[in-house]
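These notes are about the structure you will find just below.
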Number of protein chains: 2
Amino acid sequence: MSKGLLIVVSGPSGTGKGTVCSELLSQAQDLAYSISATTRQPRAGEVDGKNYYFMDKADFEKKIAEGGFLEYANVYGNYYGTPLGKIEERLAEGVDILLEIDTQGAINVMEKCPDGLFIFLVPPSLAELERRIRGRGSETEESLQKRMGSARKEIEDGKKYGYVVVNDTVKNAVQRIMAIRTAEHCRMDKNQEIFEELAK
Amino acid sequence: MSKGLLIVVSGPSGTGKGTVCSELLSQAQDLAYSISATTRQPRAGEVDGKNYYFMDKADFEKKIAEGGFLEYANVYGNYYGTPLGKIEERLAEGVDILLEIDTQGAINVMEKCPDGLFIFLVPPSLAELERRIRGRGSETEESLQKRMGSARKEIEDGKKYGYVVVNDTVKNAVQRIMAIRTAEHCRMDKNQEIFEELAK
């Protein structure tokens, strides 16, 4: 049995990663979602091991020291991280894992998992990105400009990814990511066992 | 506009390349088929420039000398070849071109067009390949054994391809090749212009 794929979907904030990944998971029942660990308090209705792995700070820091995270970040005093052990376990079982992550996290994952499939999701244009962020109605003009500045920088980093997918519509973006997943499974280096079988 | 893809579908004889490629062309209207040149006589109903480019031997040999073929072969005294000029023209226009070719031809194309997308179509097993060839009912036991021996050798060469697609059913094989095509168009190195646009 061949190893599963680590499918990393990232992109500038506001591009629509969350919506695209939810739709991907609902269409591909055999695709597993990487559950993050966090030290923040569970919100009403959140379930440990489903929404997050909830951990206390001491355990989280111990796990950091042991190299137990694929990547982690401290956001306003709470830790968030991607537990490495669970991912390696599922990949070894042949399960494909979807990891939705910000661009800084993705760059860290590239270093640790060069075999991963790195997909950079981009808006059709920066004007469209601005329109989408404005559409959320939750930003001041100043924070909007700050986000647009970050997006420009993040797009520079995008060139390090293996694939780029334009999120013109969720349907198109999902279809492209599904195609990339299928194609990766057909790559010669992932199918040596077919040849072993055929050579028998 | 980005360049078109040269999609080369090859595999041991009897694998079902022809059926898969016909189905691909009927599903993907924007995919062009590379028309071969030949010195053999047109059969009833065959149209020059549609089924083949019909050429006389002298012109064909002149074109060989000029390096005008991506690959060519002499089969029972008739030349067959893939004209390079037409393909380069269409690729430059951004059109994807499908080339169905035997494994020897594909190896030659790899040398001349390393940018091509090389897909090796394989039967689910050698037993199934034998069953399919027997099913055609046109082989003697001796020629069947000869073809099975060739298939084993051709499968060895298969490892040089970028992708391997199992032809378990035509529908699955076509879907996988379509996915590989979509994925290739999403590769970072083929999408520099997206970044140029986004950087504006």
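Every chain is numbered from 1 and lettered A, B, ... according to where its sequence line falls, protein lines coming before strand lines.
Once rounded to the nearest 0.5 Å, the distance linking CG of B:Asn191 with NZ of A:Lys159 reads 12.0 Å. Of the inter-residue distances, the one linking B:Lys190 atom NZ with A:Tyr163 atom OH reads 9.0 Å to the nearest 0.5 angstrom.
Contacts of A:Ile194 with chain B are made by side-chain atoms alone, with heavy-atom separations under 4.5 Å and no backbone atom involved. Residue contact with chain B, scored on non-hydrogen atoms closer than 4.5 Å, involves the side chain of A:Gln192 exclusively. Using a 4.5 Å cut-off between heavy atoms, A:Phe120 touches chain B through its side chain atoms alone. Residue A:Val164 touches chain B through both its backbone and its side chain, counting heavy-atom pairs closer than 4.5 Å.
Both A:Met110 and A:Val8 are members of a single hydrophobic cluster when ILVMFWY side chains are connected at heavy-atom separations under 4.5 Å. Linking ILVMFWY side-chain heavy atoms closer than 4.5 Å, directly or via other members, places A:Ile177 and A:Leu6 in two distinct hydrophobic clusters. Tracing side-chain contacts under 4.5 Å through hydrophobic residues (I, L, V, M, F, W, Y), one never reaches B:Leu5 starting from B:Leu91; they form parts of separate clusters. Hydrophobic clustering keeps A:Leu84 apart from A:Leu117 (ILVMFWY residues linked when any side-chain heavy atoms are closer than 4.5 Å, directly or through intermediates). The cluster map of Ile, Leu, Val, Met, Phe, Trp and Tyr, joined by side-chain heavy atoms under 4.5 Å apart, puts B:Ile7 and B:Val95 in different clusters.
Contact detail for B:Ala183 and A:Ala183: the closest heavy-atom pair is CB-CB, 3.5 Å. Taking every heavy atom of both residues into account, B:Leu198 and A:Leu126 meet most closely at O-CD1, 2.8 Å. Taking each heavy atom of B:Met188 and A:Gly158 in turn, the nearest pair found is CE-O, 3.1 Å. For B:Ile180 against A:Cys186, the heavy-atom pair with the smallest separation is CD1-CB, 3.8 Å.
Ranking B:Lys160, B:Arg176, B:Glu156 against chain A, the residue ahead of the rest is B:Arg176, based on heavy-atom pairs under 4.5 Å. Of the listed residues (B:Phe195, B:Tyr161, B:Phe118), the greatest number of heavy-atom pairs within a distance under 4.5 Å of chain A belongs to B:Phe195.
Here the side chains of A:Thr182 and B:Met178 are not in contact, with every heavy-atom distance at 4.5 Å or above.
Under a cut-off of 6.0 angstrom, the local environment of OH in A:Tyr72 is sparse, with at most 12 non-hydrogen atoms contributed by other residues, nucleotides or ligands. Counted within 6.0 Å of CD on B:Glu66, heavy atoms from surrounding residues, nucleotides or ligands total more than 12; the atom is thus considered enclosed.
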